[in-house]
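Each chain gets a letter, A, B and so on, in the order the sequences are listed, and its residues count up from 1.
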Protein chains: 2
Amino acid sequence: MPQPSTPRKTLGRPPRISREEVVETARRIVAEEGVDRLTMRRLATEIGSTPMALYHHVRNKEELLVLLLDDYAARTLRRPELPAHPRERIVVAAAAIHEALAACPWIVEVLTADDLMSTSALWFVEQIVDGLVECGLPPERAVHGYRAIWYYTAGEIVVRATAARRRTDDDRATYREQVFADLDPDELPRLAQVADSWAPLTAEDTYLDGLRALVDGLARGRLRC
Amino acid sequence: MPQPSTPRKTLGRPPRISREEVVETARRIVAEEGVDRLTMRRLATEIGSTPMALYHHVRNKEELLVLLLDDYAARTLRRPELPAHPRERIVVAAAAIHEALAACPWIVEVLTADDLMSTSALWFVEQIVDGLVECGLPPERAVHGYRAIWYYTAGEIVVRATAARRRTDDDRATYREQVFADLDPDELPRLAQVADSWAPLTAEDTYLDGLRALVDGLARGRLRC
DNA sequence: GCTAGTTTCTTTACGTGTATAAAAATTCAC
DNA sequence: GTGAATTTTTATACACGTAAAGAAACTAGC
């Protein structure tokens with residue numbers, strides 16, 4: 001009988017910093033000065049250590065950002081009142097996730113995560129999948145439907161955030177104007193027709209409209225709903 | 001009468017490299033060795049110049065990648081036969097864009113462009129907008145509909161490409177398995193129900209299903225279609 | 001107490017994108 | 001021709017993420 005009781009202290013040199021401390025300090029830097037100022041060196045000095053020491057607590061900077069996203073989700077995601085009607089329930093759950101993520105655009109670099117797998121987001125995923133099942137989809141199709149909603153949601157945030165970033169660099173906007181000004185109304189009549197209003201139209205926030213359309217389409221032709 | 005005829009040669013030191021040469025060489029490097037090997041220094045030596053000289057022909061590396069994407073689109077996008085039925089036309093046009101982009105995953109880093117504004121992609125945009133108008137949407141709603149389709153399409157590609165990239169790093173997959181194994185079936189019954197099949201389900205390519213649902217939803221309740 | 005094993009931390013170094021400043025190569029005004 | 005203006009190219013330098021090697025601080029077995 002080897003080690004029955006004695007919990008035997010951990011082996012090796014005792015750590016002076018913890019993963020929690022790393023994430024918490026990173027969170028503070030981002031909150032106070034923006035994500036651009038979060039560098040491994042800066043984080044290390046802030047924490048009183050050296051850059052490479054961090055790498056014993058997070059695999060790399062990308063993992064650190066994922067941890068920050070999880071942390072952010074755990075802090076700010078609040079479960080909303082959900083309507084009884086399943087289709088509307090899906091919309092409310094997805095919109096809640098969207099709202100939380102859109103409010104923190106620095107997250108974009110990580111947002112391309114495969115799924116939102118922070119445990120605090122799982123409840124929302126459950127609601128969406130469950131709503132789709134209640135709409136009459138078999139469970140596998142419901143998962144596919146959730147994925148479609150996630151693609152749409154993540155895509156909206158990433159595209160809009162990148163557009164906003166590029167708008168400060170500007171000049172790409174000018175290029176787009178040029179493209180629209182040079183449109184041949186014979187070859188591309190619809191685009192020529194909306195050319196002038198393209199910029200304001202694409203600036204509008206129509207996430208909810210698109211989401212409703214997608215959910216309607218997913219639930220269409222099903223028994224219930 | 002100042003300069004009436006004489007076209008007067010361009011001022012300043014004559015360039016030794018051109019933007020076209022930069023883009024073309026970059027394209028070759030990416031084609032032959034992958035996007036990871038495309039660095040400004042490598043590109044410069046390949047072209048017989050110095051890194052900073054490139055910055056007189058492209059604003060920065062991101063713009064270079066955008067130019068590469070435009071170039072790729074111009075080369076590979078072929079206009080498919082379009083069905084007469086407007087809804088199916090939209091699906092075919094969007095799927096063609098999706099297929100071209102999905103085939104070149106290195107593009108992901110740029111894909112978050114505001115729109116696909118390469119001139120060779122505009123014809124597809126026209127088809128989608130026009131299809132939506134034919135479905136009975138007013139032009140503004142049609143533009144919004146196109147945007148929704150673009151969000152969905154870009155999101156799908158970005159999410160899947162990132163997932164693939166992380167899968168080589170692995171270990172995030174393991175974490176996800178852990179999350180699903182620890183699910184409380186009382187609190188999250190649907191997820192617990194599909195926990196085992198989550199990975200294979202999310203690996204399936206269901207882009208077309210989601211696209212059809214979205215287009216159906218966008219066109220729903222309209223006069224025509 | 002000593003040595004081996006194990007973990008964490010530090011040092012050093014490399015390759016990256018690109019800012020900045022200076023040099024080089026040309027045209028234009030006279 | 002000479003000097004100013006203008007454009008492109010080069011040289012140098014910085015901050016970044018992180019790989020690699022080894023030093024430091026601890027426990028376990030003897």
Side-chain angles (χ1 to χ4, degrees), chain A residues 1-22 25-26 29-30 33-68 106 109-110 165-166 168-169 171, chain B residues 1-22 25-26 29-30 33-68 106 109-110 165-166 168-169 171:
Chain A
M1 303 110 183
Q3 76 304 0
S5 54
T6 51
R8 146 229 233 148
K9 291 182 183 172
T10 60
L11 219 58
R13 178 174 176 169
R16 306 209 312 193
I17 61 181
S18 69
R19 179 162 168 148
E20 288 69 34
E21 191 182 357
V22 170
T25 309
I29 294 176
V30 171
E33 311 184 35
V35 74
D36 289 350
R37 303 296 271 277
L38 178 65
T39 70
M40 299 303 271
R41 287 167 221 264
R42 169 73 194 282
L43 181 51
T45 59
E46 198 85 2
I47 221 173
S49 185
T50 60
M52 291 311 293
L54 304 175
Y55 287 80
H56 264 86
H57 302 90
V58 299
R59 175 198 298 267
N60 51 31
K61 192 176 180 183
E62 178 172 350
E63 184 183 273
L64 173 61
L65 290 173
V66 172
L67 291 172
L68 277 179
W106 59 268
E109 320 175 31
V110 214
R165 183 165 52 79
R166 292 227 176 100
T168 27
D169 296 359
D171 214 44
Chain B
M1 302 115 182
Q3 74 305 357
S5 53
T6 52
R8 146 230 231 144
K9 293 181 182 173
T10 61
L11 217 59
R13 175 172 179 170
R16 307 211 310 195
I17 61 180
S18 68
R19 180 161 166 148
E20 288 68 37
E21 191 181 358
V22 171
T25 310
I29 294 176
V30 170
E33 311 184 34
V35 74
D36 290 349
R37 302 297 271 278
L38 179 65
T39 72
M40 298 305 270
R41 286 168 224 265
R42 170 73 194 282
L43 181 52
T45 58
E46 197 86 1
I47 220 172
S49 184
T50 60
M52 292 310 293
L54 304 175
Y55 287 81
H56 264 87
H57 303 89
V58 298
R59 176 199 296 269
N60 50 33
K61 191 175 182 183
E62 178 172 349
E63 184 183 273
L64 173 61
L65 291 173
V66 171
L67 291 173
L68 277 179
W106 60 268
E109 320 175 32
V110 216
R165 184 165 51 80
R166 293 228 176 96
T168 28
D169 296 357
D171 214 40

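- As a whole-Å value, the separation of A/Arg19 CZ from C/dT7 P is 17 Å.
- Among pairs with a residue in residues 38-49 of chain B, those fulfilling salt bridge (charged side-chain N to carboxylate O under 4.0 Å, His left out) read B/Arg28-B/Glu46, B/Glu33-B/Arg42, B/Arg42-B/Glu46, at least two apart in sequence or across chains.
- Between the CE atom of B/Met40 and the OG1 atom of B/Thr45 there is a distance of 12.0 Å, given to the nearest 0.5 Å.
- Residue B/Leu11 places its side chain closer to C/dC28 than to any other of C/dC28, C/dT18, D/dA28.
- Residues A/Leu64 and A/Leu43 form a side-chain contact, since some pair of their non-hydrogen atoms from C-beta on lies under 4.5 Å apart.
- Note on the helix from C/dG1-D/dC30 to C/dC30-D/dG1: angle between the axes of the first and last five pairs equals 20°, rounded to 10 degrees.
- Nearest approach of B/Arg59 to B/Glu63, heavy atoms of both residues: N-OE2, 3.0 Å.
- Taking atom NZ on B/Lys61 and atom C1' on D/dC16, their separation rounds to 14 Å, with Å as the unit.
- Residues forming a side chain to side chain contact (heavy atoms under 4.5 Å, CB included) with B/Ser18 (at least two apart in sequence, or on another chain): B/Glu20, B/Glu21.
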Contacts under 3.5 angstrom, residues 47-58 of chain A side chains, donor-acceptor by atom type, not counting sequence neighbours:
{"from": "A/His57", "atom 1": "ND1", "to": "A/Ala53", "atom 2": "O", "distance (Å)": "3.4"}
{"from": "A/His57", "atom 1": "NE2", "to": "A/Ile17", "atom 2": "O", "distance (Å)": "2.8"}

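- Protein atom CG of B/Leu43 is 14 Å distant from nucleotide atom C1' of C/dT16, rounded to whole Å.
- If you take CG on A/Leu38 and CH2 on A/Trp106, they are separated by 8.5 Å, rounding to the nearest 0.5 Å.
- Protein atom CG of A/Asn60 is 17 Å distant from nucleotide atom P of D/dC16, rounded to whole Å.
- Residue-to-nucleotide proximity on DNA chain C shows that, of B/Thr39 and B/Gly12, the 5′-proximal contact is made by B/Thr39.
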**Fill in**
The contact string for nucleotides 9-14 of chain D, one letter per nucleotide 5' to 3', using protein heavy atoms under 4.0 Å with B, S and - for base, sugar-phosphate only and none, comes out as BBB---

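- One can place OH of A/Tyr55 at 15 Å from C1' of C/dT10, the figure rounded to the nearest angstrom.
- Atom pair A/Arg42:CZ and D/dA15:C1' shows a separation of 14 Å (rounding to whole Å applied).
- Between B/Arg59 atom CZ and C/dA19 atom C1' the separation is 15 Å, expressed in whole Å.
- B/Arg13 is linked by a salt bridge (Lys or Arg N to Asp or Glu O under 4.0 Å) to nothing, counting only residues two or more places apart in sequence or in another chain.
- Distance CZ (A/Arg37) to C1' (D/dA15): 13 Å, rounded to an integer number of Å.
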